[in-house]
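Atoms considered below: every heavy atom in the structure, side chains included; atoms not considered: hydrogens, waters and symmetry mates.
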Amino acid sequence: MLKKTGLFGLYNSNRGSEEHWGKNCFNSSFPTSLASYMLEHKKKAIYLTLKPVDNELKVVSEEISIPDVFNSGQKKLEELFFSFESKFEPYDKYATDMIDGIDLVVKDLEGNFLSPLEIKLTVMPDSTTFKKPPSEWGAEMVIRSATTSYCALGMFDSVATEKDNIREIFENVCAGIQMWDNDFEVTHNIPKICQALNVFEKRYWKNQSPLLMQTLWKTEGQSPILCDDAFDIVIWSNFAFSRLFIDSAMTDKSKKMSRPMRSTARLARCLWELSKSNKIRLEDIYRQMAYGNQTDKEFSISGTKWRSYVNTPRLQNLAVKKESLERIIDNDSIEKLRPERRFDQTLYFARHTETDRKNKS
């Protein structure tokens, strides 16, 4: 008998039925449930990948099936296990210390690891785009260091057999850096670091894989009212995701270390050191290379910048309609939400408004 959790598809997970509704849990449980709903109904997600276009690296929009996101093949939802805030243990072999957990690790019921995914639940439009026409609406994203570390580990894992060639790409610039925690020295080398990363990504872009599952919920401007086309999922490949900071680092004329520069330097150092010994000490890279900035937050992008990367007409008509909400969240479970939180408030009142309408008709 399948376990009832109040959320579609979450039959097997490391969270109890009542745990899904807390502040730090619902923001990943709901997107996983939405992805499960899309899997069941064979709805594809938007997929942002990196490709060379006229010899320039560009983020392009495609589509991807949810089984491909989960790396689950023909398995049914009841054959999957969703492990939240967990380590993707296959990456342990690359670290001499502890790797961080990621928002979602998809496994099968035999314990085989299928996919690591970071999750973002974001509203569209954000504060920088709500006054623009709906065709220009975007969503803000705040990125943590776990995302960039998994980006690096996933990139290397996909090309580990090419480590000698990878070392050759990064050796000239990285071997010359004496102190990776020195702001001036690393900032001075950012242009060369970006150049090396461009060479790496032009050579290995076909090895990219899903990294970030960004769930969109769309409202009527900045009101709490859901649009009729209410939900969708944008999947960022690890290569496409990396351009959010590499592109910014390339154009940053500042002589002081910025957050995108820091993320870029960290990625290059990870790939270089892994190419030498198949091992890195994540503490040295993601704690010591702080340059005066907090280490839990990597960087953020506004909806305006986000929109420059997410270029697809599908944003005008998101894949999952508001009416599907009653099939994603059980009616009784809506009462477990916390209406003081904006997303919970939107879902709570959307359901109650719809219930009142049906009762009157």
Side-chain angles (χ1 to χ4, degrees), residues 27 30-31 34-35 38 43-54 56-64 69 118-143 147 210-253 258-260 263 297-325 341-343 345-347 349-350:
N27 284 358
F30 175 81
L34 177 65
M38 292 175 69
K43 292 179 179 288
K44 292 185 176 182
I46 299 165
Y47 190 30
L48 301 180
T49 64
L50 188 68
K51 289 186 176 180
V53 179
D54 296 329
E56 294 290 329
L57 290 167
K58 299 290 184 183
V59 174
V60 299
S61 177
E62 302 174 345
E63 290 189 336
I64 186 171
V69 176
E118 187 74 350
I119 295 177
K120 294 297 172 189
L121 178 61
T122 55
V123 63
M124 190 172 70
D126 76 331
S127 61
T128 68
T129 59
F130 79 97
K131 291 183 179 179
K132 297 180 179 182
S135 60
E136 299 177 28
W137 283 357
E140 179 189 33
M141 284 202 304
V142 178
I143 303 301
T147 317
L211 168 71
L212 174 62
M213 184 167 76
Q214 181 186 10
T215 298
L216 301 176
W217 55 289
K218 186 162 70 170
T219 58
E220 295 181 4
Q222 286 201 307
S223 78
I225 301 172
L226 277 175
C227 291
D228 288 336
D229 58 322
F231 306 106
D232 214 332
I233 290 176
V234 178
I235 303 296
W236 295 75
S237 79
N238 43 19
F239 278 57
F241 169 78
S242 74
R243 302 315 299 187
L244 293 176
F245 51 87
I246 296 173
D247 290 348
S248 292
M250 287 173 60
T251 58
D252 195 332
K253 303 303 181 184
S258 65
R259 289 182 185 275
S263 299
K297 177 183 176 182
E298 193 76 355
F299 62 89
S300 62
I301 64 165
S302 70
T304 301
K305 182 174 180 179
W306 179 89
R307 196 64 182 78
S308 69
Y309 286 93
V310 190
N311 185 21
T312 169
R314 184 157 145 183
L315 294 179
Q316 308 306 307
N317 188 23
L318 302 188
V320 180
K321 306 305 178 187
K322 178 172 63 175
E323 63 195 35
S324 300
L325 183 60
R341 300 200 301 255
R342 184 180 174 190
F343 182 59
Q345 180 188 78
T346 296
L347 297 184
F349 289 113

To the nearest 0.5 Å, what is the distance between NZ on Lys44 and CD1 on Ile64? 9.0 Å
Close side-chain approach of Pro125 and Lys132, heavy atoms under 4.5 Å: no
Quick one: does Ser248's side chain have a donor or acceptor within less than 3.5 Å of a partner on Leu244's backbone? yes
Checking Arg307 side chain against Gly138 main chain: does a donor-acceptor pair fall under 3.5 Å? no
Indicate yes or no: at least one non-hydrogen side-chain atom of Glu140 is less than 4.5 angstrom from one of Trp306. no
Charged N to carboxylate O under 4.0 angstrom, Asp229 versus Lys218? yes
Atom NZ of residue position Lys321 - does it have more than 12 heavy atoms of other residues, nucleotides or ligands inside 6.0 Å? yes
What heavy-atom pair brings Lys43 and Ala319 nearest, and what distance separates the two atoms? NZ-O, 3.3 Å
With sequence neighbours left out, what residues match Thr147 under side-chain hydrogen bond (donor to acceptor under 3.5 Å, both in side chains)? Glu118
Stepwise side-chain contact (heavy atoms from CB on, under 4.5 Å) check, Ser324 with Phe231: CA-CA 9 Å; Ser324 300; Phe231 306 106; over 6 Å; no
Rounded to the nearest 0.5 Å, the CZ atom of Phe30 sits from the OG1 atom of Thr215 at a distance of 7.5 Å
Tell me, with the steps shown, if Phe130 and Gln222 meet side-chain contact (heavy atoms from CB on, under 4.5 Å). CA-CA 7 Å; Phe130 79 97; Gln222 286 201 307; 3.5 Å; yes
Residues in ring-ring contact (aromatic ring centres under 6.0 Å, His included) contact with Phe245, at least two apart in sequence or another chain: Phe241, Phe299
Straight-line distance of Asp247 CG to Lys58 NZ, nearest 0.5 Å: 8.0 Å
Using 0.5 Å steps for rounding, measure from the CE atom of Met124 to the OG1 atom of Thr129. 8.0 Å
Residue pair Ser300 / Met141, side-chain heavy-atom distance below 4.5 Å: no
Trace of the side-chain contact (heavy atoms from CB on, under 4.5 Å) decision for Ile119 with Asn27: CA-CA 8 Å; Ile119 295 177; Asn27 284 358; over 6 Å; no
How long is the gap from CG on Leu325 to NZ on Lys322, to the nearest 0.5 Å? 9.5 Å
The single option from Leu50, Thr312, Thr49 passing side-chain contact (heavy atoms from CB on, under 4.5 Å) against Val60: Thr49
Can you check side chain to side chain donor-acceptor pair (under 3.5 Å) on Thr122 and Gln214, steps first, answer last? CA-CA 7 Å; Thr122 55; Gln214 181 186 10; 3.0 Å; yes
Could you grab the distance from atom CD1 of Ile235 to atom CG of Leu48, nearest 0.5 Å is fine? 9.0 Å
Side chains of Met250 and Arg243, heavy atoms from C-beta outward: is any pair under 4.5 Å? yes
Using a strict 4.0 Å threshold on nitrogen-to-oxygen distance, state whether Glu62 and Lys51 make a salt bridge. yes
Considering residues at least two apart in sequence or located in another chain, which fulfil the ring-ring contact (aromatic ring centres under 6.0 Å, His included) criterion with Phe239? Phe200
When you measure from the side chain of Asp54 to the backbone N and O of Glu56, does any donor-acceptor pair fall under 3.5 Å? no
Is Asp232 salt-bridged to Arg314, cutoff N-O under 4.0 Å? yes
Where do Leu211 and Trp236 land on the side-chain contact (heavy atoms from CB on, under 4.5 Å) test, with the steps shown first? CA-CA 6 Å; Leu211 168 71; Trp236 295 75; 5.7 Å; no
So, the side chain of Asp126 versus the backbone of Gly303: is there a donor-acceptor pair under 3.5 Å, distance only? yes
Closest heavy-atom pair and its distance - Glu298, Ser263: OE2-OG, 2.8 Å
Step by step, would you call Ser61 with Asn311 a side chain to side chain donor-acceptor pair (under 3.5 Å)? CA-CA 7 Å; Ser61 177; Asn311 185 21; over 6 Å; no
Taking all non-hydrogen atoms of both residues into account, name the closest pair between Ala35 and Met213 and its distance. CB-SD, 4.0 Å
On a heavy-atom basis, which atom in Cys227 and which in Ala230 lie closest, and how many Å separate them? O-CB, 3.4 Å
Return the minimal non-hydrogen interatomic distance between Trp217 and Leu226, and the atom names on each side. CE3-CD2, 4.3 Å
Got Ile233 and Ile46 here, is their nearest side-chain heavy-atom distance under 4.5 Å? no
